[in-house]
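To start, the structure itself, in structure tokens.
Numbering of ligands and ligand atoms starts at 1, following listing order.
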Amino acid sequence: MNVLIVYAHEEPHSFNAALKNTAIRHFEKLGHKVVVSDLYRMKFKAVADGEDFLERRNKYVLTRQHEEAKAHELGTLSHDILVEQKKVQECDLLILQFPLWWFSMPAILKGWVDRVMTLGFAYGDDKWYDRGGLQGRRAMLSITTGGPEHYYRERGINGELEQILYPIHHGILFFCGFTVLPPFVAWSPAHIDKPTRHHLMEAYEKRLSEIEEEEPLSFHPLSHYGEDLRLRQEFTP
Ligand SMILES: Cc1cc2nc3c(=O)[nH]c(=O)nc-3n(C[C@H](O)[C@H](O)[C@H](O)COP(=O)(O)OP(=O)(O)OC[C@H]3O[C@@H](n4cnc5c(N)ncnc54)[C@H](O)[C@@H]3O)c2cc1C
């Protein structure tokens with residue numbers, strides 16, 4: 001199996017780094033190939049702009065999705081985007097490793113999504129959700145939080161984690177065709193004792209050892225929607 005870890009933490013001694021290193025060790029021990037995009041170390045350009053296109057279809061007005069489609073066709077996306085797309089193309093499992101920031105992902109990782117998951121490559125006309133461009137690949141979020149678990153469960157002050165992650169799970173990963181696995185969550189690593197942090201690391205390794213058989217999250221396939229792209233009555237809860 002080819003594993004791509006896209007890792008977004010600036011500190012090599014962080015808990016996120018330790019989770020990333022655990023995954024590398026685990027998969028390499030089993031003979032899998034692991035590729036890491038360490039976004040801070042790469043100084044990955046997080047801002048999507050006109051420089052992402054080596055040639056412009058329209059030099060006067062930048063309409064990003066039009067330029068993406070054309071550049072995908074001609075192979076004229078900037079080199080750093082093409083390198084990341086090749087990694088995604090070649091992976092069987094994508095892991096996004098990041099700390100929860102403002103109920104979402106750090107900007108550098110959002111920038112990776114904005115720039116790498118382009119029209120034509122990751123999605124396109126009739127190429128979305130279970131027909132997305134990256135079908136056949138699995139994806140998982142491995143995240144850390146500041147708040148403890150009960151903040152993110154029923155009646156918790158921060159709201160339920162499943163809802164917080166829905167835009168990433170459904171709106172990015174499933175939208176692009178990935179089979180989405182349940183997230184691994186290291187709750188509040190900065191506010192727990194050392195043995196509990198150690199247990200979290202063991203739990204992550206155990207999780208990874210079962211990942212190939214794991215049941216994905218369930219989202220409605222396109223066939224469950226009517227012509228108006230609203231969920232058909234028989235599938236509504
Ligand atoms: C801009 C911003 C927005 C944020 N928004 C949110 C939010 O919306 N919701 C929320 O809940 N939180 C939020 N936070 C908090 C953030 O999610 C946490 O600080 C982060 O997830 C903690 O992970 P870390 O890797 O940075 O931990 P670290 O602080 O790097 O690590 C925690 C502890 O683990 C130790 N450690 C490192 N390696 C190992 C190892 N191998 N074994 C055992 N221990 C180890 C470290 O030494 C440290 O003591 C936000 C923070 C910022 C900066």
Side-chain angles (χ1 to χ4, degrees), residues 3-30 32 34-48 84 93-117 139-175 180-211 217:
V3 183
L4 171 60
I5 303 174
V6 181
Y7 161 68
H9 201 293
E10 67 275 43
E11 172 51 57
H13 297 103
S14 65
F15 202 75
N16 272 266
L19 290 167
K20 180 252 302 169
N21 293 336
T22 295
I24 297 172
R25 264 197 315 274
H26 172 83
F27 287 122
E28 286 186 343
K29 198 170 62 193
L30 295 176
H32 299 304
V34 184
V35 172
V36 179
S37 285
D38 181 343
L39 299 182
Y40 282 96
R41 201 165 57 87
M42 292 156 66
K43 297 196 186 306
F44 187 79
K45 173 177 171 280
V47 177
E84 294 307 298
L93 171 66
L94 169 70
I95 297 179
L96 301 182
Q97 177 66 61
F98 62 95
L100 193 67
W101 275 13
W102 293 115
F103 289 28
S104 185
M105 52 175 75
I108 199 167
L109 179 55
K110 177 58 165 48
W112 183 89
V113 173
D114 290 345
R115 296 184 63 236
V116 174
M117 299 302 189
M140 180 181 85
L141 306 183
S142 171
I143 66 169
T144 59
T145 65
E149 183 168 6
H150 67 274
Y151 287 14
Y152 291 95
R153 293 294 178 219
E154 207 188 346
R155 296 185 294 113
I157 187 153
N158 287 353
E160 293 185 31
L161 189 74
E162 288 69 20
Q163 287 179 14
I164 291 170
L165 297 182
Y166 184 82
I168 306 176
H169 281 149
H170 188 267
I172 297 173
L173 296 172
F174 184 55
F175 185 91
V180 187
L181 301 176
F184 178 80
V185 187
W187 299 103
S188 200
H191 307 289
I192 54 179
D193 59 19
K194 221 171 166 182
T196 315
R197 282 203 295 268
H198 183 71
H199 287 315
L200 270 179
M201 214 54 84
E202 286 179 340
Y204 188 44
E205 189 145 15
K206 180 164 186 302
R207 193 51 218 284
L208 296 177
S209 68
E210 294 160 356
I211 207 158
L217 298 176

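Residues R197 and E202 are not paired through a salt bridge, judged by the lack of any N-O separation under 4.0 Å between the basic side chain and the carboxylate.
Between the side chain of S188 and the backbone N or O of T145, no donor-acceptor pair lies under 3.5 Å.
Between F184 and Y204, the ring planes lie tilted relative to each other; the angle falls in the 30° to 60° range.
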Tabulate below the donor-acceptor pairs under 3.5 Å that side-chain atoms of residues 105-115 make, not counting sequence neighbours, or state none.
residue	atom	partner	partner atom	Å
K110	NZ	D114	OD1	2.9
W112	NE1	E84	OE1	2.9
R115	NE	D52	OD1	3.0
R115	NE	D52	OD2	3.2
R115	NH1	K45	O	2.8
R115	NH1	D80	OD2	3.0
R115	NH2	D52	OD1	2.9
R115	NH2	D80	OD1	3.1
R115	NH2	D80	OD2	3.1

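Listed by chain and number, H9, H13, S14, F15, N16, A18, P99, L100, W101, W102, F103, T144, T145, G146, G147, Y152, P189, A190, R197, M201 each place a non-hydrogen atom less than 4.0 angstrom from ligand 1.
Within 6.0 Å of OH on Y40 lie more than 12 heavy atoms contributed by other residues, nucleotides or ligands. Under a cut-off of 6.0 angstrom, the local environment of CD in E154 is sparse, with at most 12 non-hydrogen atoms contributed by other residues, nucleotides or ligands.
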